[in-house]
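Working notes, beginning with the structure itself.
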Amino acid sequence: MVKRHSERIFDVLVILLLVMAGLVCLIPMLHVIAVSLTPYDEYLRRGGMILFPTSITFDAYREFIKEPYLFECFMTTVVSTVLGTAFNILMTVLMAYPLAKTDLLGRKAFNLFVLIPMLITGGLIPTYLVVRSTGMMNTILVYIIPGAIWSYVLIITRAFFTQIDKGIAESARMDGAGEWTILFRLILPISMPIIATIGLMYGVGHWNEYLSGVIYVNRPELRTLQVVLREVLSRNTEAAVDVTVPTKTLQMAGVVFTSVPIIVVYPFLQKYFTQGIMLGAIKG
Amino acid sequence: MTKRSIVSLLLALMMLLCITPVLAEEPVTIHVYGLGATIPETDPVLPELGNRLGLKIVVDTAAGGADAATGLMTRMMDNDIPDVFRVGDLNNLAVYHESDAVLDLTPYLDQIPSVVAAFPETDWARLTIDGGIYGIPRRGEVNYMDYFIRKDWMEKLGAKYPTTFDELYDLCVQVRDADLDGNGVNDTYPISGSKLESRAGTLNMFFTAYGVTQPNTLMIKDNQAVWACTDPAYKLALTEIRRFMEAGLIDPEFVSMNEDTLREKMSMGKVFLANGGWCAFAKQAQQDVLKAVDANADWGHIESNIVTELGISGATHTAANFSNVYSFSPDLADDPEKLAAALSIFEYTISGEGDELLCYGLENVHYTKENGVITKLPAMNELGYGWAIQFTGRNDMVYCMTKFAECADEIEHAANEVPILTHYEALVSQPEGVNMADLKAYESEQLIAFIYGTRPMEEYDNFVQELYNLYNLGAYLDAATETLTELGYIK
């Protein structure tokens, strides 16, 4: 079909707008990466606005990795993200699957039970009391157990499961399959889009964990990377006499160091992510 | 073996068994909360302090500021109070006191005679609530603030240092028009600095020259408590500032700047005169930054003061010469041994070798000492977190001169030569019915409007009335007068 002139202009405008929107997202990231790789004196000479470094140095990164306990905190963040996300997915699936069954006894009550904490949270101090009395203080479990299931993720997952044809489970059951087999051998393999989607949500949440690292953890090696980054970025007032405030390049190196590992995961999950959203949209 | 030998052997074994637990006894452990900086694993100072005092110091969290306060409050709610904790905002001390979460030190002051003697009555009075003392004061800082100027540009212009605002105005106009950094762009703002309410505030030169302190502060004038911006001199200072702003002589971005961004602008040749601390501009690493773009850039303190009929330009300094103090868990009252150990940290480090350990590290490793004079060794640079473990502060002048000998001129000038105006708001607790945070926010917002010309100066008196009518400033000033009279600042 040949497009009319006005349609072509419209397309060009849409493309231009999307390119601009893309640049708005891309330029700050490019700037942060470029500054982190630029020698500080060159950064100053070029007036601070750098998108492409003309000479590259890793000095800022070398300086950043001297932060006390950085490696330990990195490992804490990686382990809590991997284990935490796996645990989140398992718990969410185990709860969402039965809630998706329309013949579940007391389904409405359970759903209400899920909805309430989404609207009214327990609050910091009650949560602290629970965490402390269950012996999780100063362990990596504080990043994994307290947020095991997020209500809205559970609702998304439940919605996905309700859209799966009931015939699949029924035919398997007729062939003698039990509920565990049906869930893990049949339902989960066809639910990879939603697993990837919620995995990404949980994973990013774990990677960006900050408050738990401040409230529930007293040992420096058990802090998350975000806590370390905050400390580097806010090091200015009281420490002014003793500490030379980190240069912009060092601050940007910290930002890159703490955000790139989670950003590189996105492309690998992109296709599932899109598919997951699309499935919900079409069948919804 | 005779019976007697067997009995002797058994007795010896029993004695050994009795002694063993004593030998293996763990030292008292003191948990310290909220230092504000991560202490590296390699830190030699706290373990050495523990060895000397026969105790173990465990740092519970490194978080500082609001995060530490939130964490501390959470622990208090759970009755899990750290043995010793840092209180950043002294207003919180009253809250902890109301919650019975802090120890009254009054009965135990005889265990810390050196600490008691080291601080004046007014410092103890600040930590006194209902007759009890709830924290250990901290030795305050000397003034670091000064005005830094491009001396090489002064030479280039053949100008003399200004002593009046008219002379400063003419000098700034010359700088604005001369393109002294030679980049062909008219991008140099003669005057810059940090945000309005900071002690490094851009406009403090104007305020102090008219005898008033920066916004959001409380002064004592003619033996009366005065909220600074309500003083008639403020209007004169703001009118002067407007004249400079209209001529493009003040960096309009100052409201969002800090010393970090200012230093970058200074190095880029965008600033001629800046307010800030020597610790932000004079240290070697910072001098390297300031010379990164122009190796001839010569930043030094200004050689003159601006004088008006009402005052002389200089710095402002808070009368609350300490903000962070250490307080103790009330649980320690039931454990005298632990309390004595916790107090010994303060008694030992208030002076002498304990003070030297926390300030300078280990002798012959981080410093040498000859005839009582401490000389820094390169390893002292590894103790950049030292400020966080100085439990009672430090003798600041000696400390700065020892650690940063290369900045001696600037340290001396800021501490001894710069005229200082004192402000007192940090000594005054907010009375009921007054929200000072709201008042301060409104004040800053409106002052910026006056400075940028979006609110006409003719409305300034109305603005002052608004502070009284809308924000109950009168009640605050009554409370301030009472407190400052009690503390002896108002006679």
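In this text the structure is predicted, and so the values were computed from the model without any measurement. Letters A, B, ... are given to chains in the order of the sequence lines, protein chains preceding strands, and every chain is numbered from 1.
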Whether over 12 other heavy atoms sit under 6.0 Å from Met118(A) CE
yes
Is Arg75(B) close to Asn218(A) at the side-chain level, that is, under 4.5 Å between some pair of heavy atoms?
yes
Interchain contact, Val58(B) with chain A, by part (heavy-atom threshold 4.5 Å):
neither
Residue pair Thr38(B) / Pro220(A): nearest heavy atoms and the distance that separates them
CG2-CB, 4.2 Å
Val293(B), Thr74(B), Asp396(B): which one forms the most heavy-atom pairs within less than 4.5 Å of chain A?
Thr74(B)
For Arg46(A), is it the side chain, the backbone, both, or neither that has a heavy atom closer than 4.5 Å to a heavy atom of chain B?
neither
Lys291(B), NZ atom: more than 12 neighbouring heavy atoms under 6.0 Å
yes
More than 12 heavy atoms from other groups under 6.0 Å of CE on Met20(A):
no
Nearest heavy-atom pair of Tyr69(A) and Ile39(B): which atoms, and what distance?
CE1-O, 3.4 Å
Turns out that what part of Arg132(A) lies under 4.5 Å from chain B's heavy atoms comes down to side chain
Counting only heavy atoms not in Glu72(A), do more than 12 sit closer than 6.0 Å to its CD atom?
yes
Name the option with the most non-hydrogen atom pairs under 4.5 Å to chain A; the candidates are Asp43(B), Val289(B), Asp80(B).
Asp80(B)
Gap between atom CG of Leu124(A) and atom CE of Met73(B) - 0.5 Å precision:
11.5 Å
Please find the pair of heavy atoms, one from Pro68(A) and one from Pro40(B), that lie closest to each other, and give the distance.
CB-CA, 3.9 Å
Top contributor to chain B interface from Ile215(A), Ile125(A), Leu44(A) [non-hydrogen pairs under 4.5 Å]
Leu44(A)
